Amino acid sequence: MIEAPKGTRDVLPDEIGRWQFVEECARETFERYAFREIRTPIFESTELFARGIGEGSDIVAKEMYTFHDRKGRSVTLRPENTAPVARAFIEHQMHRAPGLQRMYYIGPMFRYERPQKGRMRQFHQIGVEVFGSDHPAVDAETLEMLMAFLGRLGLDDAELALNSVGDPVCRPVYRKALLAYLEPRRDTLCEDCRRRMADNPLRCFDCKVEADRAVMARAPAITDYLCAACREHFGRVTEYLRAYGIRHRLDPRLVRGLDYYRRTSFEVTLQGLGAQNALLGGGRYDGLIKELGGPEVPGFGFAVGEERLVMSLPAAAAVSRGTPEIFIATVDERGVERALLVARALRRVGRRVVFDPLPDKSLRAQLRRANDLQVRFVLILGETEVRERAVTIKRMSDGSQETIAEDRVGARLAEMAGA
RNA sequence: GUGAGUGUAGCUCAGGUGGUAGAGCCCCGGGUUGUGGCCCCGGUUGUCGUGGGUUCGAGUCCCAUCACUCACCCCA
């Protein structure tokens with residue numbers, strides 16, 4: 001049997017309502033803030049991610065789905081979408097448009113990893129990007145939009161953690177200070193942390209080893225090393241958040257894995273997600289456009305893991321949608337032909353009609369099926385009805401039924417449905 | 001890439017110490033020769049993940065392999 005590839009899965013019709021609910025909520029919320037959708041290719045030149053995300057990041061180093069096309073070009077299934085959106089921004093000279101550019105996207109991403117709870121090789125992200133301003137109000141307003149979005153989904157226990165990771169002026173200074181603290185303690189740290197010290201000492205803050213956490217708790221905090229400009233920016237962001245009344249936790253140990261982040265960095269965590277408790281992450285990336293060969297344009301954005309979102313949705317949000325309201329039952333071939341015509345007439349006036357051509361099944365079996373589908377009405381087209389050009393309408397809620405002329409069915413159903 | 005756990009019916013799972021498979025749900029039919037839900041009666045459903053080995057005999061023991069799950073790494 002051929003099965004879905006490792007790390008991929010089907011979202012079946014029974015579950016799709018939750019996905020559609022989340023996506024509609026996202027579109028509606030984001031568009032209130034003047035964000036517009038952008039759709040970029042699902043694969044890009046490998047170089048885009050190597051330069052955008054950073055050669056040293058785990059994503060680029062070991063998690064990309066990279067292959068060569070028939071002409072030998074190296075292409076990669078996108079592992080994230082900020083770099084592709086930035087690429088599109090540059091390619092289409094969007095900095096020449098007046099004002100800020102605000103975009104959102106919804107779609108699949110790919111990372112070659114061992115699957116576990118909340119982590120798939122093909123997963124989906126809902127994300128937004130704002131280009132063209134480094135004003136802290138952009139950070140604050142986008143965060144406010146994010147929290148509004150989560151609120152509409154009923155995720156009230158989401159926790160926002162916030163930090164500033166500095167910029168190319170102050171981060172190297174902090175890095176040096178952190179290493180100066182860690183070096184004398186190298187021997188007490190775990191193997192992983194010693195490795196982290198070499199490539200990105202800030203990652204030591206993510207360590208889960210108890211002893212290491214104690215060491216890191218007393219480590220210097222990046223917020224004490226920010227340059228004046230970064231400190232000013234971060235201060236303004238938190239002020240705006242206070243003005244909004246948005247609950248958040250300042251976490252000087254919050255570091256993110258992608259190289260392009262500057263200044264504001266944040267994530268939202270939720271209980272119940274398993275070991276992968278980050279629901280989303282984001283931040284400011286003022287150097288990215290330039291790095292990719294574009295003009296000096298600042299940016300800010302975040303990406304939500306849609307699987308993790310759907311997983312965390314309150315049960316009450318499990319809306320079933322578009323279910324049929326009318327079922328047509330027949331008992332012979334003559335009835336089938338009438339059923340096709342009656343169904344078309346009803347659909348033309350907007351009713352959702354299901355007709356399973358099962359005249360060989362007993363009426364009882366067909367009604368059982370109608371009951372499973374939870375339709376409100378069943379139209380019966382038996383021998384008598386066909387002969388008299390009539391239709392029997394059965395109301396499933398109380399079992400009552402009446403037989404009327406076929407050409408009056410639409411009007412009568414409208415009355416009954418309205419009542 | 002590393003570690004642990006689990007693979008038996010469409011689904012959820014039972015099957016001490018080896019004797020060639022079971023329940024509930026679902027599905028189908030009937031109780032109602034044209035009427036759902038509840039109830040009752042009857043019925044179908046399996047290469048026991050795969051391949052080897054031990055044995056008179058393997059769902060059960062051994063080895064290998066694959067898949068899934070969870071965790072590490074890292075991240076959404």
Side-chain angles (χ1 to χ4, degrees), chain A residues 1-9 12 14 53 56-64 78-82 105-127 190-193 195-196 199-200 203 206-209 254-258 266-270 273-282 301-312 327 329-332 335 358-386 392-401 403:
Chain A
M1 182 168 59
I2 300 175
E3 299 172 316
K6 190 188 193 75
T8 70
R9 71 177 196 115
L12 300 175
D14 281 346
I53 304 173
S57 69
D58 276 30
I59 291 178
V60 173
K62 57 183 195 188
E63 295 173 2
M64 295 210 298
R78 61 183 188 192
E80 58 98 56
N81 209 30
T82 295
Y105 59 84
I106 299 173
M109 309 293 157
F110 305 84
R111 291 182 201 172
Y112 191 90
E113 299 181 272
R114 284 282 279 270
Q116 69 184 73
K117 187 178 174 73
R119 178 199 290 164
M120 301 292 281
R121 288 185 173 178
Q122 174 175 338
F123 61 105
H124 298 78
Q125 287 189 332
I126 299 175
C190 72
E191 199 180 315
D192 284 333
C193 282
R195 181 177 48 73
R196 290 183 183 112
D199 48 67
N200 188 353
R203 291 275 179 70
D206 289 337
C207 190
K208 282 160 187 160
V209 178
L254 174 67
V255 293
R256 303 213 53 75
L258 284 59
F266 63 94
E267 69 180 26
V268 170
T269 53
L270 267 182
L273 281 176
Q276 313 301 320
N277 67 346
L279 177 64
L280 74 273
F302 63 77
V304 188
E306 197 172 356
E307 277 80 2
R308 295 179 186 181
L309 206 53
V310 168
M311 233 189 314
S312 313
F327 183 97
T330 55
V331 300
D332 58 23
L358 303 169
D360 295 338
K361 293 273 183 192
S362 65
L363 192 56
R364 170 189 213 204
Q366 294 185 64
L367 276 166
R368 214 175 359 236
R369 165 122 175 93
N371 193 60
D372 290 342
L373 290 171
Q374 298 185 56
V375 298
R376 291 182 68 193
F377 302 104
V378 172
L379 304 188
I380 300 170
L381 286 163
E383 290 175 29
T384 322
E385 288 88 348
V386 169
T392 294
I393 303 177
K394 181 183 180 75
R395 196 206 320 259
M396 295 300 275
S397 58
D398 60 5
S400 67
Q401 63 184 56
T403 302

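Everything numeric in this text was worked out from a predicted model, so none of it was measured. Chain identifiers are assigned alphabetically (A, B, ...) following the order of the sequence lines, protein sequences preceding nucleic acid strands; residue numbering begins at 1 within each chain. Just so it is clear, the values below take in all heavy atoms, side chains as well, and ignore hydrogens, waters and symmetry mates.
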Check your understanding: Nearest to the side chain of E383(A), which nucleotide is it out of A76(B), G34(B), C73(B)?
Key -> G34(B)
Check your understanding: What nucleotide among C74(B), A76(B), G36(B) has an atom nearest to a side-chain atom of F123(A)?
Key -> A76(B)
Practice item. Determine, for R368(A) against D372(A), whether the closest basic-nitrogen to carboxylate-oxygen distance falls under 4.0 angstrom. Key: no
Check your understanding: Whom does U32(B) pair with, Watson-Crick or G-U wobble, provided both distances fall under 3.5 Å?
Key -> none
Review point. What about R368(A): does its side chain form a donor-acceptor pair under 3.5 Å with the base of C27(B)?
Key: no
Revision key, fill the gap. Result for side chain to side chain donor-acceptor pair (under 3.5 Å) between E307(A) and one of H124(A), R9(A), K117(A) points to H124(A)
Review point. Of A303(A) and N371(A), whose closest RNA chain B nucleotide lies nearer the 5' terminus?
Key: N371(A)
Check your understanding: Quick one: does T384(A) reach the base of G34(B) with a side-chain donor-acceptor pair under 3.5 Å?
Key -> yes
Review point. Choosing from C74(B), G30(B), A71(B), which nucleotide comes nearest the side chain of R119(A)?
Key: C74(B)
Practice item. Scan every strand shown for a Watson-Crick or G-U wobble partner of G37(B), both distances under 3.5 Å, and answer none if you come up empty. Key: none
Practice item. Would you mind pulling out the nucleotide paired to A64(B), Watson-Crick or G-U wobble, both distances under 3.5 Å? Key: U50(B)
Exercise for review: Decide yes or no, distance alone: a donor-acceptor N/O pair under 3.5 angstrom between the base of G34(B) and the side-chain of E385(A).
Suggested key: yes
**Study point:** d(CZ, R364(A); P, G36(B)) in whole Å
**Key:** 6 Å
Exercise for review: Could you give the distance separating A21(B) and C63(B) at their P atoms, to the nearest angstrom?
Suggested key: 26 Å
Check your understanding: For RNA chain B, whose closest nucleotide is more 5', that of P5(A) or that of N277(A)?
Key -> P5(A)
Review point. Does the side chain of Q125(A) get closer than 4.0 angstrom to OP1 or OP2 of A76(B) through an N or O atom?
Key: no
Practice item. Classify the side chain of Q366(A) versus the base of U35(B) as yes if they form a donor-acceptor pair under 3.5 Å and no if they do not. Key: no
Review point. Between E80(A) and M109(A), is there a donor-acceptor pair closer than 3.5 Å when you use the side chain of the first and the backbone of the second?
Key: no
Study note, to complete from the structure: Regarding the side chain of D58(A), the nearest nucleotide among G34(B), C73(B), G36(B) is C73(B)
Review point. So which nucleotide from U69(B), U35(B), A71(B) ends up closest to the side chain of Q116(A)?
Key: A71(B)
Check your understanding: Would a distance-only check, ignoring hydrogens and angles, find a side-chain to backbone donor-acceptor pair under 3.5 Å from E267(A) to L254(A)?
Key -> no
Revision key, fill the gap. Taken to the nearest whole Å, CG/L363(A) to P/G37(B) is 12 Å
Check your understanding: Does the ring of F110(A) carry R121(A) above it, NZ/CZ under 6.0 angstrom from centre and within 45° of its axis?
Key -> no
**Study point:** Span that lies between the P atom of G59(B) and that of G52(B), in whole angstrom
**Key:** 14 Å
Exercise for review: Could you measure between the two C1' atoms, the one in A9(B) and the one in U45(B), and give it in whole Å?
Suggested key: 6 Å
Study note, to complete from the structure: Of A76(B), C73(B), G34(B), the nucleotide closest to the side chain of R308(A) is A76(B)
Review point. Do R78(A) side-chain atoms and P108(A) backbone N/O form a donor-acceptor pair below 3.5 Å?
Key: yes
